[in-house]
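The structure appears right after this line, and notes come after that.
In what follows, chains are A, B, ... by sequence order, proteins preceding strands, each numbered from 1.
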Amino acid sequence: MTEILIDLGFGEDLADVLAKYLGAGLLAGIFLLLPLFTIWIERKGAARFQMRVGPNRVGPYGLIQNFADVIKLLGKELIFPRNVDRLTFMLAPILMVTSVVGIVAVLPLAPTVIGTDLSIGVLYFISVSSLATIAVVMAGWGSNNKYALLGAFRTVAQLISYEIPLIFSLLIPVLLVGTMSMQGIVEFQGTYWLILYAPTAAVIFLLSNIAEIGRAPFDLIEAESELVAGFMIEYSGMAFAMFYLAEFLHAFLVAVIFAVLFLGGWQGPFAEDLPILGIVYLAAKTFFIYLVMMWVRMTLPRFRIDHLMDFNWKFLVPLSVAHLLVTGFVWRLFPDTDLSGGLFSRLVDEFPRMAVMGLSSVALGIVALSLLRQYAANQRQRILSLTTVDEEYALAITPQTTAQSSVVVVTSGD
Amino acid sequence: MELTWESLAFLIFSVLSLGGGLAVVTLRNLFHSALMLMLSLFGTAGLFVLLVAPFLAAVQVLVYIGAIAILILFAIMLTRTIMGVQTTYNSQWIGSAIAALLVFGLLLLTFTPLGDDVFDEQLSANLEEDPVDDVDYVTVEEIGIAFSTRAGFVLPFEIVSLLLTAALIGAIVVAREDEA
Amino acid sequence: MVPLWMYLFVSAALFSIGIFGVLSRRNAIAVIMSIELMLNAANINLVAFWRYLNPAEINGQVFAAFVFAVAAAEAAVGLALILSIYRNRQTVIVEDVNILKW
């Protein structure tokens with residue numbers, strides 16, 4: 001791109017800088033437009049899950065429906081309620097979108113296509129997405145509405161809690177590969193994908209990420225049917241659309257990050273010779289994960305808020321900490337294998353290490369799940385016994401009450 | 001000093017940092033000053049990037065902006081009935097302004113060569129700048145090694161983790177609503 | 001490259017702003033925010049000195065990381081204290097918390 005700009009008559013320095021800005025703008029622009037497409041997939045998929053047809057009027061298979069919706073949202077009035085904190089109110093959706101688009105910078109799309117291969121890529125992903133919390137607080141406070149504020153409190157509690165298992169499960173690939181650079185993590189997976197080394201960590205990562213983006217079954221952030229959309233209650237028109245956009249883009253980017261960290265990113269046959277193939281592989285993996293997330297969203301009912309917190313603090317956090325410890329110990333048992341040979345020799349050399357790591361991870365997951373099942377069985381038992389006692393109690397007191405009331409009636413009759 | 005991209009970035013980030021800082025101490029609306037604090041912290045994170053400390057910059061955003069500033073915002077929202085207070089400053093604000101300016105002047109005299117020209121005397125610490133060669137951007141590993149070896153900082157690291165645990169428990173105990 | 005004294009200038013200015021805030025603001029939360037500013041100024045100094053005077057050793061960055069941890073602890077305990085005071089005395093104005101005064 002720099003060469004093109006120099007041909008157009010820009011100076012060399014300027015062309016270099018301009019090319020960087022244009023590249024960043026192009027990348028961000030592509031990703032910002034993606035939700036138009038993913039929302040269509042989401043709506044179609046949701047419809048199929050619920051035995052409906054979904055959008056089918058505007059364009060072939062309703063493909064253009066989202067464009068129509070965007071135009072509608074653009075045309076709507078942006079309402080400022082009275083006494084709203086204007087600057088905060090307006091900045092919140094912008095910050096929300098910024099925090100999500102910022103993630104794009106470190107995504108390795110292909111061997112050579114990456115915004116910038118930061119040495120701290122994974123940490124950058126976490127810290128940029130933690131900015132969303134501030135946007136939520138700003139929106140809740142700026143709206144000058146008690147429901148918005150309460151919604152913001154709940155949202156922040158959820159986001160901050162689920163950041164902990166998210167970070168711990170992210171540390172496991174970092175620990176295994178020995179670098180925080182996204183490209184480095186992908187290159188490591190030329191032999192085996194990281195999901196084979198740590199399947200439980202992958203599941204924890206996906207779960208806590210679904211909670212971070214606030215999708216069903218963790219969608220207490222919006223909970224449109226009970227919380228009147230939480231912190232977004234006062235937003236209308238384009239400002240609301242920006243929150244919506246940020247949410248869907250975040251969901252998509254989480255799928256990309258999952259594919260990068262656990263499913264080998266752009267790795268695949270011939271990807272290193274032909275970068276475009278890498279993008280295709282990555283897209284395929286991403287859409288597979290996106291489908292899984294959609295499936296979860298369509299199938300499971302919403303958590304109750306205390307269950308949500310219990311699930312995080314009593315299950316995900318201890319499990320992820322234990323997983324990190326186990327992974328660290330088991331990883332130390334094996335010497336580093338020589339990863340310079342051909343693919344086949346690498347596969348053979350690396351296999352024992354991968355198998356033991358994967359088995360230890362699975363074992364940990366099974367132990368945790370059986371503990372959870374034990375706990376759930378106890379809970380069910382307790383609730384069952386409670387209801388029986390209640391029924392007995394109800395049965396026991398019912399005739400008495402009638403007797404008493406009849407007595408009362410009699411005495412009042414006297 | 002010629003205007004390079006680096007000095008331009010330095011200018012932007014230091015203006016963000018200082019402007020945000022000034023806004024923190026001058027704005028009456030506490031919520032706004034907390035947001036400005038975040039801006040200031042963000043500017044500092046940018047300065048860290050310029051100083052080739054990307055790890056610290058990311059931690060600054062994650063810990064300071066993502067956690068401490070959120071904590072402050074929460075405290076502000078929980079004590080919001082107080083926000084109607086009319087005066088921002090107490091009675092000693094003129095004195096504190098003078099004190100702050102004095103400290104500023106003293107720091108400038110001792111650390112920067114600005115004072116040397118004015119007073120025509122060698123007042124500053126005369127920090128000789130080594131010709132800085134390019135530092136490796138990958139500093140995470142070095143920091144990790146420094147934190148976990150006996151030659152490095154393993155004892156301070158453990159003490160800091162103890163401090164954090166104690167602070168965590170202490171904060172919960174102090175802020176608990178129901179009395180034991 | 002930006003000379004070292006410019007970073008020191010920024011950090012000195014930030015530190016002085018923090019001092020002014022600590023001494024003059026009435027709201028205790030604003031005081032805590034000013035303390036955070038001062039800690040940040042110290043951090044800029046640590047990292048700048050590391051970068052310019054001793055880039056071979058990693059110590060400057062490690063110290064800055066310790067400052068982060070201490071700042072987090074300070075903010076947590078400080079804000080908890082403020083909340084506790086607010087609950088007992090319905091105020092976060094520093095001058096109103098005067099039970100230790102004669």
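Contacts between C/Leu81 and chain B at a heavy-atom distance below 4.5 Å involve backbone atoms as well as side-chain atoms. Proximity to chain B is limited to the side chain of C/Glu95, based on heavy atoms less than 4.5 angstrom apart. Of the two parts of C/Phe9, the backbone and the side chain both hold a non-hydrogen atom closer than 4.5 Å to a non-hydrogen atom of chain B. Contact of C/Arg87 with chain B is made through the side chain alone, with heavy-atom distances under 4.5 Å. Using a 4.5 Å cut-off between heavy atoms, B/Val174 touches chain C through backbone and side chain atoms alike. With a 4.5 angstrom heavy-atom cutoff, B/Ala34 touches chain C via backbone and side-chain atoms both. Using a 4.5 Å cut-off between heavy atoms, B/Ala97 contacts chain C through both its backbone and its side chain. Contact annotation for B/Leu37: only side-chain heavy atoms (C-beta onward) come within less than 4.5 Å of a heavy atom of chain C. In this structure, chain C has no heavy atom under 4.5 Å from any part of B/Ile172. Residue contact with chain B, scored on non-hydrogen atoms closer than 4.5 Å, involves the side chain of C/Leu83 exclusively. Heavy atoms closer than 4.5 Å to chain B are found nowhere in C/Glu74, neither backbone nor side chain. Proximity to chain C (any heavy atom under 4.5 Å) is restricted, for B/Ser40, to the side chain, taken from C-beta onward. Interface residue B/Phe10: only side-chain heavy atoms are found under 4.5 Å from chain C. Heavy atoms of B/Thr26 lying under 4.5 Å from chain C belong exclusively to its backbone. With a 4.5 Å cut-off on non-hydrogen atoms, B/Phe147 touches chain C through its side chain but not through its backbone.
For the pair B/Leu18/B/Leu22, no side-chain contact is recorded, criterion being any heavy-atom separation below 4.5 Å from C-beta on. Between C/Arg89 and C/Asp96 the shortest side-chain heavy-atom distance does not fall below 4.5 Å. Here the side chains of C/Phe68 and C/Asn43 are in contact, with some heavy-atom distance below 4.5 Å. At a threshold of 4.5 Å between non-hydrogen side-chain atoms, the residues B/Leu56 and C/Val47 count as touching. The closest side-chain heavy-atom distance from B/Arg28 to C/Asn27 is not below 4.5 Å. Put simply, the side chain of B/Val103 reaches to within 4.5 Å of the side chain of C/Phe15, judged on heavy atoms.
Aromatic rings of B/Tyr64 and B/Phe42 (six-membered ring for Trp) have centroids beyond the 6.0 Å cut-off, not under it.
Ranked by heavy-atom pairs shorter than 4.5 Å toward chain C, the options B/Ser96, B/Ala100, B/Gly21 are led by B/Ser96. Between chain B and the residues C/Ala48, C/Ser24, C/Ala75, C/Ala76, the largest count of heavy-atom pairs under 4.5 Å involves C/Ser24. The residue among B/Leu106, B/Ile143, B/Leu168, B/Val63 with the most heavy atom pairs within less than 4.5 Å of chain C is B/Ile143. Taking B/Ala146, B/Ser33, B/Ala99 one by one and counting their heavy-atom pairs under 4.5 Å with chain C, the maximum is reached by B/Ser33. Interface summary for chain C: among B/Ser161, B/Ala67, B/Ala171, the most heavy-atom pairs under 4.5 angstrom belong to B/Ala171. The candidate with the highest count of non-hydrogen atom pairs below 4.5 Å against chain B, out of C/Ala12, C/Ala30, C/Ala41, C/Gly18, is C/Ala12. Among C/Gly78, C/Ala71, C/Gly60, the residue with the largest count of heavy-atom pairs under 4.5 Å with chain B is C/Ala71. When C/Asn45, C/Val70, C/Val22, C/Ile44 are compared by the number of non-hydrogen pairs under 4.5 Å with chain B, C/Ile44 comes out ahead. Among C/Ser34, C/Ser11, C/Ala72, the residue with the largest count of heavy-atom pairs under 4.5 Å with chain B is C/Ala72. Across C/Leu37, C/Val77, C/Asn40, the residue that shares the most heavy-atom pairs under 4.5 angstrom with chain B is C/Asn40.
Not a single ring-ring contact (aromatic ring centres under 6.0 Å, His included) links B/Phe13 to another residue, sequence neighbours left out. When the ring-ring contact (aromatic ring centres under 6.0 Å, His included) test is applied to C/Phe20, the partners found at least two apart in sequence or on another chain are B/Tyr89.
Interatomic distance, B/Leu39 CG to B/Ile65 CD1, rounded to the nearest 0.5 Å: 8.5 Å. How far CG of B/Leu50 is from CE of C/Met6: 12.5 Å, rounded to the nearest 0.5 Å. Here the CG-CD distance, from B/Leu51 to C/Gln61, works out to 9.0 Å after rounding to the nearest 0.5 Å. Atom CG of residue B/Leu78 and atom CG of residue B/Leu73 lie 11.0 Å apart, to the nearest 0.5 angstrom.
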Point to revise | Evaluation steps, ring pair (Phe, Tyr, Trp, His ring centres under 6.0 Å), between B/Phe153 and C/Phe63 | key: CA-CA 10 Å; B/Phe153 296 87; C/Phe63 282 178; 5.7 Å; yes
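Annotation for B/Ala45 and B/Ala57: closest pair O-CB, 3.5 Å, computed over non-hydrogen atoms.
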